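Right, one structure below, let's go through it.
Just so you know, these numbers come straight off a predicted model, no measurement behind them. First listed ligand is number 1; within each ligand, the first listed atom is number 1.
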Amino acid sequence: MPPSSIPVLSIAPFLCPTASHDEKADTAATLDAAFRTVGFAHLTAHGIDAAQVDACFSWSKSFFSLPPSTKLLSPHPPSGSHHRGYSAPGVEKLSQNVFTPAELAALRAVPDYKESFDSGNPADATQPNIWPPEGVLPGFQPFMEGFFFELEGVVKAVLRALALALGLEEGFLERKHAQALFQLRLLHYPPIPADMLRKDEAEVARIAAHSDFGTLTLLFQDEIGGLEIQDPVSRRWRSADAVPGAVLVNVGDLLERWSNGRWCSAVHRVVGPEDAEDMIPARYSIPYFATADPGTVIEALPGCWGEDNPKKFEAVTAWDYVQMRMAALYAGSGDDDDED
Ligand SMILES: O=C(O)CCC(=O)C(=O)O
Ligand SMILES: [Fe+2]
């Protein structure tokens with residue numbers, strides 16, 4: 001496994017009102033290059049206090065440590081289109097590290113061994129938040145609502161950089177995300193026997209290889225590791241461990257389409273850490289999924305097509321695109337997978 005070669009760049013020029021045009025242009029060009037080749041970048045100077053990120057991980061641990069029956073008081077609805085609340089991994093006794101043959105068999109039946117809690121913009125009427133009942137984890141809801149809006153600020157800074165990279169007016173992409181119908185997800189991968197996650201003969205993944213649906217995803221992860229990104233050209237996997245103080249950002253499928261394939265939505269997965277022996281420890285991560293406002297028409301952006309580079313995709317609204325992807329995801333499965 002080659003060491004991570006995901007570019008690390010400061011997004012500060014798009015958060016600082018006094019940044020010069022040259023500083024912005026440099027950052028925009030670096031981000032553009034990263035998204036054209038890797039589809040991912042580590043962003044430093046993103047403006048979110050380390051203490052806030054730590055606090056979010058603490059809330060996540062507190063939530064997932066609740067008894068299963070308490071977590072299920074804020075259940076993710078059975079439909080795939082309302083992405084809020086708690087989704088269980090489908091096996092019981094999550095917190096135990098002792099696996100009986102029956103439990104191992106149950107584990108094998110679970111494609112992605114993880115549990116999650118999703119929340120979104122409190123103003124999103126189509127997907128209302130589903131919080132734990134009053135008295136369960138006081139302070140959790142206000143923290144998540146505040147953190148949601150902090151992360152919105154980072155997404156918007158990235159969108160300003162991307163617009164500039166295309167020679168567009170800086171607010172062009174940001175305005176297409178004005179409603180901020182985004183999704184903040186807490187993810188917990190419980191401890192699991194190491195041999196079940198061996199890459200060659202993996203029986204379950206922490207999260208199977210996939211690409212994200214929307215425009216951009218931000219990701220904070222703990223130090224356990226295991227996130228891998230597939231190189232879009234060579235198809236080789238490279239590890240994408242956390243860079244202290246940075247947030248990872250990646251291109252989603254909608255942005256790949258919108259940019260006419262200029263920016264790549266790279267396939268990624270979470271596997272067991274390489275040096276794990278008997279048990280792979282728990283892992284926590286915090287993805288934040290951004291997408292364009294539902295009525296936005298997604299067709300090749302200016303600067304992404306021309307005579308030598310024709311439009312590759314038909315125009316579609318952001319809403320229709322998500323519906324189309326959801327329909328494909330849930331077709332025939334009859335279950336409630338929670339892919340983003
Ligand atoms: O847990 C991680 O590090 C990655 C999560 C992810 O890729 C996703 O939820 O889409
Ligand atoms: Fe993902």
Subject >> Region of R206 engaging ligand 1 - heavy atom pairs below 4.0 Å >> reply: neither
**OP:** Using a strict 4.0 Å cut-off to heavy atoms of I207, name the atoms of ligand 1 that fall inside it.
**Re:** 6 (C), 8 (C), 9 (O)
**OP:** May I ask you to list the atoms of ligand 1 that are less than 4.0 angstrom from any heavy atom of Y189?
**Re:** 1 (O), 2 (C), 4 (C), 5 (C)
**OP:** For H210, take its heavy atoms, then give the atoms of ligand 1 lying under 4.0 Å from any of them.
**Re:** 6 (C), 7 (O), 8 (C), 10 (O)
Original post:
Would Y288 and F147 count as a close aromatic pair, with their ring centres under 6.0 Å?
Top reply: no
**OP:** Show which atoms of ligand 1 fall inside a sub-4.0 Å distance from at least one heavy-atom site of S285.
**Re:** 1 (O), 2 (C), 3 (O)
Pair up each side-chain donor or acceptor in residues 11-21 with any protein partner under 3.5 Å, not counting sequence neighbours, and list the distances.
from : atom 1 : to  : atom 2 : distance (Å)
S20  : OG     : E23 : N      : 3.1
S20  : OG     : E23 : OE1    : 3.3

Original post:
Between F140 and W131, how do the two ring planes meet: parallel, tilted or perpendicular, split at 30° and 60°?
Top reply: perpendicular
Subject >> Residue that, paired with H188, satisfies ring pair (Phe, Tyr, Trp, His ring centres under 6.0 Å) out of F63, Y113, Y86, Y284 >> reply: Y284
Original post:
Which ligand 1 atoms are under 4.0 Å away from a heavy-atom of F289?
Top reply: 8 (C), 9 (O), 10 (O)
Original post:
Between W258 and K176, what is the shortest heavy-atom contact and its length?
Top reply: CH2-CB, 3.7 Å
Original post:
Looking at ligand 1, does Q221 have a heavy atom less than 4.0 Å from it?
Top reply: no
**OP:** Indicate yes or no: does an N/O atom of R185 lie under 3.5 Å from an N/O atom of ligand 1?
**Re:** no
Subject >> Salt-bridge present (D253, R257; N to O < 4.0 Å) >> reply: no
Original post:
Quick one: which ligand 1 atoms are inside 4.0 Å of a heavy atom on H268?
Top reply: 7 (O)
**OP:** Step through it carefully: locate the ring centre of H83, locate the ring centre of F289, and say whether they are under 6.0 Å apart.
**Re:** no
**OP:** Under 4.0 Å from a heavy atom of L187: give me the atoms of ligand 1 that qualify, with their elements.
**Re:** 1 (O), 5 (C), 9 (O)
**OP:** Report yes or no: do N129 and S119 form a side-chain donor-acceptor pair below 3.5 Å?
**Re:** no
Original post:
Closer than 4.0 angstrom: is that true for some heavy atom of R283 and an atom of ligand 1?
Top reply: yes
Original post:
Does T217 approach ligand 1 within less than 4.0 angstrom via side chain, backbone, both or neither, non-hydrogen atoms only?
Top reply: neither
Original post:
Between OD1 of D212 and NE2 of H210, what angle is found at the Fe ion (ligand 2), rounded to 10 degrees?
Top reply: 90°
